[in-house]
Structures are given as structure tokens and as C-alpha cells.
Amino acid sequence: MAPPVTTNDIPTLIRAGRLQDADRLIADQRGRAETHGAAGDRRDAALWSTMQALRDGRIEDARAGTLDVRNLSQEAGDARAADRFWGQQFWVVLDWGNDAERYELLDQCRERAYGHDDVPWRSALTLLCSRLGRTDEAVREFDATTARLDKGGQPATDADRVGIVTNLAEAVAVIGDPVRAGAIQRRLNSVAEPLVFDSHMCVVRGAVARHQALVAATLQQWPDADRAFQAAVDNHRSIGALPLVARTLYEWGLTLTSRGDPRAWDHLTESSSLARGLHMTGPIAGMS
């Protein structure tokens with residue numbers, strides 16, 4: 001007899017595109033937690049529900065969910081309450097935040113990166129700095145993070161390593177640094193899992209192909225970039241991750257624009273329409 005399916009199987013179901021099965025597990029867990037669950041059970045249910053909201057682009061539900069995660073973690077006596085909150089809040093703010101929220105997040109990333117000597121948070125800080133246009137700091141953090149990895153400062157799990165590498169890949173693409181892009185491409189090529197899933201914070205990070213596309217585009221490896229962008233868009237559509245569809249089309253459209261490719265118009269138009277409908281902020285939604 002096959003073992004029962006549990007919430008531990010949710011990442012596998014999502015990677016396989018079995019969204020209904022994954023969502024049914026989450027709904028069942030939420031129902032049990034709300035009926036007779038302890039604070040820890042309700043926290044776990046809130047983590048998964050917030051993951052769904054972020055994946056789907058239901059931003060008000062995601063914002064409410066991160067607060068539930070923090071409050072229930074505190075109620076459960078979870079020493080990681082703040083990290084759980086900021087781990088999901090990072091992705092809320094990155095695509096839906098305003099300037100004040102992004103700079104508050106910057107402070108939190110620095111505290112976690114430096115105060116706890118945390119390599120995953122240092123990679124998150126690298127990504128955030130690149131998005132904020134703090135190029136010098138982003139480069140410094142990129143170099144410090146890769147140096148830690150080279151010296152054997154490996155993260156606890158393979159999933160942590162993948163999260164670090166993909167954060168750095170996106171950051172270096174935003175910076176537009178081909179030398180560092182070449183260095184991180186070698187690390188990306190060793191990633192076997194096609195979908196990045198942060199199991200600690202319950203966040204669907206998206207297709208590894210998107211990060212491969214960004215690095216290939218930075219290196220002007222256009223055929224490889226186009227193939228990887230298409231694979232990423234297809235992957236994100238298959239898991240119902242509309243915010244990731246919007247972001248991938250936006251990034252792909254920018255590279256096509258730089259090459260004078262007429263496909264750019266369709267990609268950027270769809271991306272902008274999706275982003276506005278999902279209330280995303282920043283250039284992706286046509287905002288400065």
C-alpha cells in the first residue's frame with residue numbers, strides 16, 4: 001500500500017503541475033487546523049495558504065497571510081517567527097511593495113545577512129540591492145556570497161543552494177555583468193530540479209529555466225536565452241503562477257527589444273496587462 005499523501009508532498013505535486021491535488025491537500029490541512037489545530041498547525045496552514053496567494057497573485061490575501069504566519073508563529077513559540085514572516089514578505093515586497101516597504105526590507109535583509117551570518121539571506125540581499133539600483137552593494141554582496149560558497153560555506157540543503165544560486169543569477173542579470181554571469185552560469189547548470197521551491201518559507205520561486213534565460217541573455221547567448229525563456233513561460237503557465245508569467249514575459253520582452261525583435265511588443269503588452277491586473281508595482285506595471 002502506498003504511503004498517504006501529506007503536505008510534505010505539495011512541492012512535488014506543484015512541480016508536476018498537479019495543482020488541484022496540491023490545493024486540495026492545503027485546503028484539507030487548513031480545515032483540520034481551523035477545527036482543532038494547535039498554533040503550530042495553524043501556522044503551517046497559513047504558510048501554505050500564503051504560498052498559494054503569492055503563486056496566484058492574490059496580493060491582499062498574501063499580505064494578510066504573512067501577518068497570520070508571524071502571529072501564529074509567535075503564538076506557537078516558534079523562534080523563527082520573524083524569519084518566517086520576512087521570508088514570505090520578501091516576495092510580497094519585491095513585486096508589490098512601495099519604496100518605503102522596499103527600504104524597510106533592505107534593513108531586514110542586512111540584519112539577517114550580517115547579524116546571523118546567513119548565506120541565503122545574503123543572496124536575497126544581493127537580489128534586492130540589484131532591483132533597487134544599488135549596484136555597488138549588489139556586486140559586493142554577490143562576490144561575498146560566492147566566496148563563501150567557494151570556501152565551503154555551503155547551505156544546509158540542496159534547496160537552500162538552489163535558492164542562493166538563483167537569487168544571484170537574477171541579481172547579476174539585473175546588474176548586467178557578463179563576467180559574473182559566466183561564473184554563476186556554471187553553478188546554474190548543475191541544478192537538476194526544474195522548479196525552485198523554498199520549502200522553509202513555502203514560496204514557489206519559479207522555473208530554473210527563467211534564471212538560465214536571464215544569465216544567457218546577459219551573455220548574449222540569444223538562442224539559448226529564447227529557448228529558456230519559452231520553457232519558463234510554459235512552466236509558469238502550467239502551475240498557474242501568473243505573476244511569474246508576467247515577470248518572465250517582461251524580462252524576455254526587454255531582451256527582444258534590445259535586439260529589435262518584433263516579438264517584443266506582444267510579450268511586453270501581455271506582461272503589462274497581467275501586472276496591472278495583479279496590482280504589481282514598478283517598471284513591470286509601467287510605473288517608475
Side-chain angles (χ1 to χ4, degrees), residues 7 10-15 17-27 29-30 33 42-73 80-98 101-102 104-105 108-109 120-121 123-124 127-128 131 159 162-163 166-167 170 193-208 210-211 232-233 235-251 271 274-282 284-285:
T7 52
I10 290 172
T12 300
L13 293 172
I14 291 173
R15 290 185 181 108
R18 294 171 57 187
L19 297 187
Q20 290 184 339
D21 292 337
D23 289 349
R24 188 179 302 113
L25 276 178
I26 294 170
Q29 185 206 30
R30 185 166 56 242
R42 287 180 281 129
R43 174 208 58 209
D44 291 345
L47 277 165
W48 287 115
S49 295
T50 306
M51 179 277 292
Q52 287 176 303
L54 279 168
R55 180 198 68 198
D56 299 344
R58 294 180 281 109
I59 187 55
E60 293 306 320
D61 291 341
R63 285 184 178 277
T66 60
L67 294 175
D68 286 343
V69 167
R70 183 184 62 187
N71 294 338
L72 288 167
S73 296
R80 297 181 61 201
D83 270 345
R84 292 187 189 279
F85 168 75
W86 285 107
Q88 290 191 321
Q89 184 74 351
F90 181 90
W91 301 102
V92 169
V93 171
L94 207 62
D95 274 336
W96 286 275
N98 56 39
E101 289 176 315
R102 290 189 177 102
E104 180 186 17
L105 179 62
Q108 292 293 334
C109 285
W121 272 108
S123 74
L127 173 55
L128 180 60
R131 289 272 199 105
V162 172
T166 49
N167 278 343
E170 181 175 347
E193 189 58 63
L195 185 73
V196 187
F197 189 95
D198 185 333
S199 56
H200 296 306
M201 304 305 174
C202 293
V203 174
V204 177
R205 296 273 309 280
V208 171
R210 171 177 166 251
H211 301 89
V233 170
N235 182 300
H236 295 154
R237 291 193 197 279
S238 75
I239 63 172
L242 291 182
L244 286 168
V245 173
R247 176 144 303 276
T248 309
L249 286 172
Y250 172 74
E251 293 161 341
S271 172
L274 280 171
R276 289 177 180 275
L278 295 167
H279 308 292
M280 298 172 78
T281 56
I284 189 173

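The figures here come from the full heavy-atom set of this structure, side chains too, leaving out hydrogens, waters and symmetry mates.
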Sequence neighbours left out, what passes side chain to side chain donor-acceptor pair (under 3.5 Å) with [X]? Give chain and number order.
X	value
E101	R63
N235	none
H211	none
S271	none

Practice item. Tell me, please, which residues at least two apart from N71 pass side chain to side chain contact (heavy atoms under 4.5 Å, CB included). Key: Q74

[X] side chain near [Y] side chain, heavy-atom distance below 4.5 Å:
X	Y	answer
P243	L278	yes
V162	E193	no
W86	W121	yes
R42	R30	no
Q108	F90	no
T50	D68	no
D56	L242	no
L54	R205	no

Check your understanding: Where the side chain of T248 meets the backbone of V245, is there a donor-acceptor pair that is under 3.5 Å apart?
Key ->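 No, the answer is negative, given that no donor and acceptor are paired below the 3.5 Å cut-off.
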
**Study point:** Check: G206 main-chain N/O paired with H236 side-chain donor or acceptor under 3.5 Å
**Key:** no

Review point. Rounded to the nearest 0.5 Å, how far does CG of L67 lie from CG of L72?
Key: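 One finds 10.5 Å between CG of L72 and CG of L67.
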
Exercise for review: Please round to the nearest 0.5 Å and tell me the distance separating atom CD1 of I239 and atom CG of L195.
Suggested key: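 Taking CD1 in I239 and CG in L195, the distance rounds to 5.0 Å.
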
Practice item. Quick one: do R55 and D23 satisfy salt bridge (Lys or Arg N to Asp or Glu O under 4.0 Å)? Show the steps, please. Key: CA-CA 12 Å; R55 180 198 68 198; D23 289 349; 3.2 Å; yes

Exercise for review: May I have all residue pairs that pass salt bridge (Lys or Arg N to Asp or Glu O under 4.0 Å) and include part of residues 85-96, sequence neighbours excluded?
Suggested key: D95-R131, D95-R247

Measure across [X] and [Y] and return the closest heavy-atom pair with its distance rounded to 0.1 Å.
X	Y	value
V92	A62	CG2-CB, 4.3 Å
I10	A22	CG2-CB, 4.2 Å
W96	G57	CZ2-CA, 4.0 Å

Practice item. Before giving the answer on side chain to side chain contact (heavy atoms under 4.5 Å, CB included), spell out for R84 and R43 the whole-Å C-alpha distance, their side-chain angles and the decisive distance to 0.1 Å. Key: CA-CA 10 Å; R84 292 187 189 279; R43 174 208 58 209; 3.9 Å; yes

Point to revise | T281 and R102 side chains, donor-acceptor separation under 3.5 Å | key: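 The criterion, which ignores hydrogens and geometry beyond distance, is satisfied for T281 and R102.
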
Practice item. Applying salt bridge (Lys or Arg N to Asp or Glu O under 4.0 Å), run through D21 and R24 and close with a yes or a no. Key: CA-CA 5 Å; D21 292 337; R24 188 179 302 113; 2.9 Å; yes

Review point. Does the pair V196 and V208 meet the rule for a side chain to side chain contact (heavy atoms under 4.5 Å, CB included), with working shown?
Key: CA-CA 6 Å; V196 187; V208 171; 3.6 Å; yes

Exercise for review: With side chain to side chain contact (heavy atoms under 4.5 Å, CB included) as the test, would you mind laying out the steps for F85 and S73 before giving the verdict?
Suggested key: CA-CA 9 Å; F85 168 75; S73 296; over 6 Å; no

Practice item. Give the intermediate values and the outcome of side chain to side chain contact (heavy atoms under 4.5 Å, CB included) for residues R210 and E170. Key: CA-CA 9 Å; R210 171 177 166 251; E170 181 175 347; 3.1 Å; yes

